[in-house]
Structure formats: C-alpha cells, structure tokens
Amino acid sequence: MLKVDNIVTRYGAIEALKGLSLEAREGQVTCLLGPNGAGKTTTLFTIAGILNSHSGSITLEKDNLTNLSAPGIVRKGVVLVPENRLIFPQMSVEENLVAGAFARPRKDQPAINADLKGIYERFPPLKERSTQSGGTLSGGEQQMLAIGRALMARPKILMMDEPSLGLAPIIVEKIFDIISLLNKEGVSILLVEQNARMALKVAHHIYLLEGGKVTFNGNPQEMQQDEVIQRAYLGAGST
Amino acid sequence: MTDFLQNCIDGVMFGSGYALLALGFTLVFGVMKRLNLSFGPSIMLGAYAGTWVYLNFSQNVLLVVLVTVMITVAVGIYVERLCFWAVRRDATIASMVSSFVIWMQLEEVAMHLLPERTYPFPAFFTSTVIDIGPFFVRSEHISMFLLTLVLLALLHLFLFRTRPGLAVRAVSDNPLASRYMGINSSNVLFLAFAVVSVLGGLAGFLILSADSQVTPFFGLWATFKGLIAMMLGGMGSLPGAILGGLLLGVVEANAFWYGGPVVRDISAYLLLFMMLIVRPGGLVGQRIVAQQQAAYERV
C-alpha cells in the first residue's frame with residue numbers, strides 16, 4: 001500500500017537514509033525497529049513530508065507522495081502520531097481532536113462530527129475530559145489523544161513514532177492493545193518502536209534499520225529465529 | 001481614596017486601548033514566536049492616511065475608519081512579507097532587526113508624505129463629562145472602552161468559534177504538531193497578520209480619536225505601550241495582554257495624578273522592570289510555560 005523506494009535523506013552533509021526501501025501492506029502492522037540513530041524517525045518524517053528526500057520515491061497506492069508538502073501528504077491519507085505525543089497543551093481535548101481533522105474539506109463537517117463521536121466512544125476518558133486542556137491529561141491519556149487526533153484525519157495509513165516512549169509499563173500495554181484493536185478494525189499502521197518485545201506482539205512484518213539502511217526484513221517468527229538479531233534486540237536466552 | 005479610585009477608573013478606560021495594542025503583539029508573537037516591532041508604525045501610517053482623507057476629501061468618520069484600517073492592513077502585509085515570510089523561520093533575530101528597519105522606513109515615509117508632523121485626527125466621540133456618584137468619566141473614554149470590549153468579543157469569537165481561529169491557536173500552541181495535522185502554517189501566519197492589522201487599525205483609530213491628533217511619534221508610542229503591556233501580562237497570552245494593558249493604564253493614571261507627566265512615563269518602564277525581575281514570564285505567562293513543560297514530562 002505504502003511503498004518507499006530507495007530514498008536518500010540528508011541533514012546537511014550527513015546522509016541519514018542511504019537508499020532505504022520498505023513497504024507497508026494494507027491492513028497490517030508494519031514495524032520499524034533499530035537502535036538510536038538508525039533512521040527510524042527520519043524515515044517517518046520523510047514519508048510525512050517534514051523532511052525532503054534527496055532521491056528515491058514514495059507512493060501510496062497510486063499516488064506519488066515524493067516531496068509533496070506536509071499538508072498535502074496528510075490530505076492523501078498518511079498521518080503521523082509524533083514522538084512525545086505533541087498534543088496542543090493549551091487547547092481543550094475536543095479542540096485537539098477537531099484540529100486533527102483540519103486537512104479535511106469544510107464540507108466534510110457532518111462526517112467530522114460523527115468521527116468525533118466515534119473517537120469518544122473508542123476512548124471514553126477523552127469524552128470525560130473533553131473540555132479540559134490537553135496539557136492536564138496524564139501521559140497515557142495524551143497518547144490516546146494523539147492517536148484520536150490522528151484518526152480524525154481519516155488516515156489510510158497511520159504512522160506512529162514510539163508510542164510507548166516515557167509511559168509506565170501498564171500504560172504501554174494499554175496503548176498496544178489500542179494499536180492491535182485499531183488494526184483489527186482495518187487501520188493500516190506503520191509503527192516505529194524501541195520496545196522490541198511489545199512491537200513483536202502486534203507486528204505482521206518487521207524491518208530492522210541500521211545506519212540508514214534496512215538490514216533485516218521479515219515476519220516476527222523469522223526474526224525470532226535469527227540468532228544474531230535475537231541476541232542484539234531481544235536479549236538472548238531470557239525468553 | 002476617591003482620587004485613587006478615580007485614577008483607577010481613568011486607567012482602566014485608557015488601559016483598554018493598551019490592551020488592544022498588546023493583543024496585536026501577543027497574537028503575532030504567539031503564532032510566529034517573533035516580535036513585530038513595526039506594528040506601531042504601521043498603525044501610524046494607517047492613521048496618517050485616515051487623517052489625510054479627513055482633511056482633503058470627506059468628513060465622513062466611517063470612511064476615515066475604513067481608510068485607517070485598510071492602510072494599516074496593507075502596511076501590515078508589507079511588513080509580514082518582508083520581515084517574516086522572506087526571512088527564514090528560525091532566524092528570530094534577523095526578522096526582529098528587519099522589522100526595526102521597516103519601522104525606520106515607515107517613519108521616513110510618514111515624514112515625507114506629511115511634512116507638518118502633527119495633524120488633527122477626527123474626534124469620533126463627543127466630549128462631555130458624565131458623573132457617577134463621586135466619580136466622573138469622560139464620554140469619549142467610555143465610548144473607547146465599550147468599543148474595545150466589542151472588539152475583544154469579536155476577536156474571541158474569531159479565535160474560539162471559527163475554523164481559521166482554531167488554526168491560529170493550534171499554530172501558536174504547538175507549531176510542530178500543527179504541521180503534522182496538515183495545517184498550512186504560512187497561510188495561518190498571513191491570516192494572523194491580517195487580523196492583527198485590522199485590530200491595530202481600529203485600536204489606533206480609537207486611541208487617536210480620543211486624543212484628536214496624530215503625530216509621527218505615535219508609531220514609537222504604540223510599539224512601546226503595546227510591548228510593555230504584553231510583557232506585563234506574559235508573552236503569547238491573550239488574557240495576559242488584556243490584564244497587562246489595564247494594569248499599565250491604572251499605574252500610569254495614578255503616577256500622573258500623584259507625580260505628573262514625567263513620573264507617568266518613568267512608571268511604565270519601572271513597572272515593566274520590576275515585573276521582569278519578580279515574574280519574568282509576566283502575570284499569566286509563567287503558568288503557560290510551566291503547563292507546557294509539565295505536558296511533555298507527564299508519564
């Protein structure tokens with residue numbers, strides 16, 4: 001569905017992505033794993049149009065997304081749940097959600113209102129706190145809000161950057177429950193995670209990134225059978 | 001005591017004008033995180049255009065308002081294109097300096113176009129004194145105050161009840177996140193500048209109309225008063241701008257009554273200086289900083 005083909009992205013003279021290719025399939029959870037500085041976030045930023053790629057191409061179904069503007073890419077249906085949630089702290093929970101639908105045309109308003117209701121049904125804590133300002137929510141609730149806000153854009157594919165970052169383990173479990181539930185309802189997800197153990201539980205397909213390149217690509221079973229990876233990422237012998 | 005309360009009433013009336021100027025600064029600062037120093041001078045140029053129409057063409061007050069606002073908006077857009085759109089986003093100092101340069105340029109233009117420096121400005125309001133118990137208020141100040149309240153209500157409606165208003169607040173609250181949501185920030189900045197210029201033009205008209213004259217110093221005056229009021233309330237905070245404006249008005253009115261015009265002007269700077277030492281974030285700004293900080297650290 002989302003195809004990234006041989007992209008090169010640079011920060012000044014530094015090449016962060018050195019010809020990276022991957023594909024996120026429809027209805028699946030595709031997960032990018034890898035150490036710090038491997039280029040996971042850079043990959044998401046390049047897809048989202050926050051960074052421009054130097055060469056290579058990005059396509060969603062039949063649409064060419066390569067170097068489209070960030071708003072243009074959101075309109076095509078690729079939405080990012082950023083690292084650290086990045087909610088709007090001074091705006092109310094409801095305004096946060098409405099802002100998520102900003103890329104949709106004005107005539108969509110009835111559908112947007114219906115979607116808002118849907119988000120509240122899915123995440124009851126957000127409904128309880130709909131008039132509270134976003135900054136007063138707990139970390140887990142903020143992550144819910146960030147996911148709900150992204151869903152308000154009606155994404156074809158949802159990109160999530162480290163949704164477990166800085167959250168208590170019990171909350172992380174909850175967030176991953178949400179991820180797999182969303183996926184069961186048919187949302188395609190491209191997930192970046194440091195928490196390999198949790199990621200393996202929900203992912204259908206895994207890409208391992210190192211130094212701006214894909215070094216492994218396969219399903220979780222294949223990954224667990226690979227001894228080198230086993231030792232490096234999952235702590236050999238412990239499970 | 002009566003004197004003090006009387007001063008407070010006068011201060012609040014006049015401070016409402018400061019509040020409007022401060023709102024202009026704070027809105028632009030909120031969305032751009034940059035200061036627009038030529039806000040005052042662009043209002044001054046708008047007011048000069050208004051008074052020019054008044055002297056040469058028509059005594060119609062509504063027309064003067066319209067011209068004042070339109071020219072302020074035109075100059076505002078000129079400033080936005082030159083100082084903020086053309087200068088790179090992360091070059092904070094460069095855009096502040098360039099807004100200062102444009103300020104000087106606008107003052108030069110004003111001096112050449114209207115060489116006599118001081119011009120009468122149409123008094124929109126009739127001047128009478130209204131007694132309320134032991135206190136009195138001048139009718140033009142009451143009118144200015146009431147119209148300011150109307151403007152504030154309209155601004156509130158725009159920011160909190162409309163889609164573009166939501167976008168302005170989103171960009172101001174979290175520029176990065178608003179980008180991820182597909183909000184086109186350069187359109188939002190342009191819109192914010194236009195709205196702020198309308199606000200500035202109307203504020204300029206109200207203030208000058210109560211003063212019934214306009215001089216080339218108005219630009220400097222408006223930038224100073226607006227900046228001080230914004231800093232008092234807290235940069236980027238809307239309620240802060242209003243509070244800061246009123247506080248500045250009240251302190252100045254009292255300083256004037258008890259110490260004369262020199263003390264009034266010094267008091268404004270002294271007040272700002274004390275505020276920066278005691279509460280560097282302003283009256284309400286501190287809370288916003290703390291809240292934003294806490295939002296990121298939550299588990």
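Taking CE from M181(B) and CG from N96(A), the interatomic distance works out to 9.0 Å, rounded to the nearest 0.5 Å.
Taking chain B as the reference chain and counting heavy-atom pairs below 4.5 Å, the highest number among R75(A), R106(A), R104(A) is found for R106(A). The greatest number of non-hydrogen atom pairs below 4.5 Å with chain B, out of A146(A), A150(A), P82(A), A153(A), is found for P82(A).
Contacts with chain B (heavy atom to heavy atom, under 4.5 Å) involve these residues of residues 41-49 of chain A, listed by number: F45(A), G49(A). The contact list for residues 58-74 of chain A toward chain B, using heavy atoms and a distance under 4.5 Å, reads A70(A), P71(A), V74(A) by residue number.
Under a cut-off of 6.0 angstrom, the local environment of CZ in F100(B) is sparse, with at most 12 non-hydrogen atoms contributed by other residues, nucleotides or ligands. The 12-atom threshold is exceeded at CD1 of I277(B), counting heavy atoms of other residues, nucleotides or ligands nearer than 6.0 Å. Around the CZ atom of F224(B), the shell of radius 6.0 Å holds no more than 12 heavy atoms that belong to other residues, nucleotides or ligands. Within 6.0 Å of atom OH in Y11(A), more than 12 heavy atoms from other residues, nucleotides or ligands are found, so the atom counts as buried in its surroundings. Within a 6.0 Å radius of CH2 in W221(B), more than 12 heavy atoms belonging to other residues, nucleotides or ligands are found.
For the side-chain contact (heavy atoms from CB on, under 4.5 Å) with Y180(B), the lone residue among V79(A), L86(A), D161(A), V81(A) that qualifies is L86(A).
Counting all heavy atoms, side chain and backbone alike, F102(A) lies closest to A167(B) at CZ-CB, 3.3 Å.
Looking at A101(A), the atoms closer than 4.5 Å to chain B (heavy atoms on both sides) all sit in the backbone: N, CA, C or O. Looking at V98(A), both its backbone and its side chain come within 4.5 Å of chain B, counting heavy atoms on both sides.
Put simply, the side chain of N174(B) does not reach to within 4.5 Å of the side chain of M91(A), judged on heavy atoms.
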